[in-house]
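Taking it in order: structure first as structure tokens, then the write-up.
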Amino acid sequence: MATVPELRVIADVSVCCGVLAAPAVFAQGRSDGVVVVLAGRVDPALRAAVAEAVDLCPTGALSLAGAP
Amino acid sequence: VTFRPFWVAPPPVGPPVRVRAEEGGPAWLVTRFADVRQALSDPGLSADTAAPGYPVGPGHRGASTGGSMIRLDGRDHQALRRLFVGEFAPHRLDPALVTAAAELVADRLAAAGPGSDLVPVVAVPMVETVVAGLLGVPPEGRAELAARVRHLHDVTFPHAELDAAERGFLDWLGAALDAADRDDLLGRLAREHVRPGHLSRADAALNLRLIVAASLQTTSSMVALGLLGLLEHADTRRLVADPGALETAVEEVLRHWSVVQTGPRRVAVADTVVGGRPVRAGEGVICSLPAANRDPDGLHRSADSLAGIDVERAGRRHVAFGYGPHQCLGQHLARLELVTLYRVLLTRFPRLRPAVPREELRFRADADIYDVAALPVTW
């Protein structure tokens, strides 16, 4: 049986400028607004939303690993 | 050729071209979506208006911008921005404040009656009321606050009085920070950063002034233009019934009007490359957000769809709020204001429409922030 490759989202907080959020996967720190990854492993149902967040992040702070 | 605002002379979308800044030297005009993203992410391009070669425009309103985060680069910019940006995260915004503001201006529109101009009756008081709420100003102080911030957004404000108005507002912000004792934006800024001494009172006031200024003119302009766009191009009953459709439609009017039409601007502090063109240290860069938002390659949409307002093909892949580390800090608040206000207005006035033919509307095509001077509406 083929296994579905696990997709993980990675955040580089050193460049985050604090403007983007995709519910259920990311939050923002209360004081500095810096991205917090709530679920590193991406639920396949949220894949499109997370991919959009990665594309829209204005500082390239987000990336996906394990994408086929 | 001297740079001209997009809505005066829309440039073709293509590789960077040489222009002259209105009051500065040579600059590159950047129009492609990917190039704008690249330029606004390039650490070799500075936002410091005082750096040699900065492509100065004519629209300098108000006196002081030194120490304001919009002019800083790199780590200095990031450290300062992080003192403020958390306050504008989606989960920190107060939908009740924005809904109350929308209901208030809808009441005013009903009282003013059909034929009223939406700009002074709805758009301006909407953004002023939200700013007052952010700054913790009680209802009885809102008229005074509105007078104190008028110079930040009213293009008819007398030029000779600008400096005094600017000083007066910064002093007012400083005094408000001194007195701030609640758990709100000013209270937290004062308690966590100003009183412990890692942010000067003057810099706190200057950056609050920036946030207020940036939230007023852009948003009030978008309130009127965005509504005009929806009334002309969308099924407004569907927008009321479907919150997701309204959010998408708001993204489309943000993209279409791209009201920040004469920047962002940068100056190269090191030799770099933008859109395949060599940009030498000391040369300016002017990004055209409205042009980039019409780039079929960047937005993955046809030129036809991008030329008008197409709520069916809209998405968040646009640069109406800029890009890179300076991307609009208040964008979630702006979206919340537009979505909330349109929902309230289209629910209360289901037959809302412009009261005059399109050709009678006067648009300020040469303003730094594009807008419609007046928008009479009826229902």
Side-chain angles (χ1 to χ4, degrees), chain A, chain B residues 33-34 36-43 69-70 72-75 77-93 183 185 188-189 191-193 244 248 251 264 289 298-300 315-336:
Chain A
M1 195 177 94
T3 54
V4 178
E6 183 180 276
L7 196 60
R8 297 187 67 83
V9 63
I10 297 159
D12 178 357
V13 298
S14 74
V15 299
C16 176
C17 73
V19 290
L20 195 74
V25 178
F26 309 109
Q28 285 175 270
R30 180 179 163 82
S31 63
D32 61 7
V34 169
V35 65
V36 176
V37 176
L38 298 176
R41 216 179 116 208
V42 177
D43 182 333
L46 295 172
R47 191 194 170 100
V50 173
E52 187 191 35
V54 171
D55 174 55
L56 295 180
C57 172
T59 56
L62 303 178
S63 53
L64 282 169
Chain B
F33 183 87
V36 164
R37 276 186 160 195
Q38 183 202 343
L40 296 177
S41 305
D42 187 337
M69 67 179 118
I70 201 167
L72 297 178
D73 300 316
R75 293 293 158 191
H77 166 258
Q78 185 184 65
L80 189 53
R81 179 174 166 117
R82 284 185 177 182
L83 304 185
F84 294 89
V85 71
E87 297 284 345
F88 296 89
H91 66 286
R92 298 291 298 283
L93 301 176
D183 189 25
L185 171 65
R188 286 186 290 271
L189 191 62
R191 194 173 56 250
E192 293 167 19
H193 304 300
T248 303
E251 294 300 326
L289 302 180
L299 281 85
H300 309 151
R316 291 201 296 171
R317 196 168 213 266
H318 61 70
V319 287
F321 290 112
Y323 196 74
H326 286 275
Q327 195 187 53
C328 179
L329 176 153
Q331 60 183 282
H332 299 301
L333 176 61
R335 289 181 167 109
L336 180 63

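The structure presented is a predicted model; accordingly, all values stated were derived computationally and were not measured. No hydrogens, no waters, no symmetry mates; every other heavy atom, side chains included, goes into these values. Order of the sequence lines sets the chain letters (A, B, ...), proteins ahead of strands, with each chain counted from 1.
Contacts between B/Arg317 and chain A at a heavy-atom distance below 4.5 Å involve backbone atoms as well as side-chain atoms. Proximity to chain A involves both the backbone and the side chain of B/Gln327, based on heavy atoms less than 4.5 angstrom apart. A/Cys57 touches chain B through its backbone: at least one of N, CA, C or O sits under 4.5 Å from a heavy atom, while the side chain does not. Neither the backbone nor the side chain of B/His326 comes within contact range of chain A, judged by heavy atoms closer than 4.5 Å.
The heavy-atom pair separating B/Pro90 from A/Gln28 by the smallest distance is CD-OE1, 3.0 Å. The nearest pair of heavy atoms linking A/Cys17 to B/Pro325 is CB-O, 3.6 Å. Of all heavy-atom pairs between B/Arg37 and A/Asp55, the closest is NH2-O, 3.1 Å. Nearest heavy atoms, B/Leu329 versus A/Val19: CA-CG1, 4.3 Å. Closest of all the heavy-atom pairs between A/Ser14 and B/Gln78 is O-NE2, 2.8 Å. The nearest pair of heavy atoms linking A/Asp32 to B/Val85 is O-CG1, 3.0 Å.
Note on B/Gly324, B/Ser41, B/Gly330, B/Gly315: by heavy-atom pairs under 4.5 Å with chain A, the leading option is B/Gly324.
At distances below 3.5 Å, at least one donor-acceptor pair connects side-chain atoms of B/Arg82 with backbone N or O atoms of A/Cys16.
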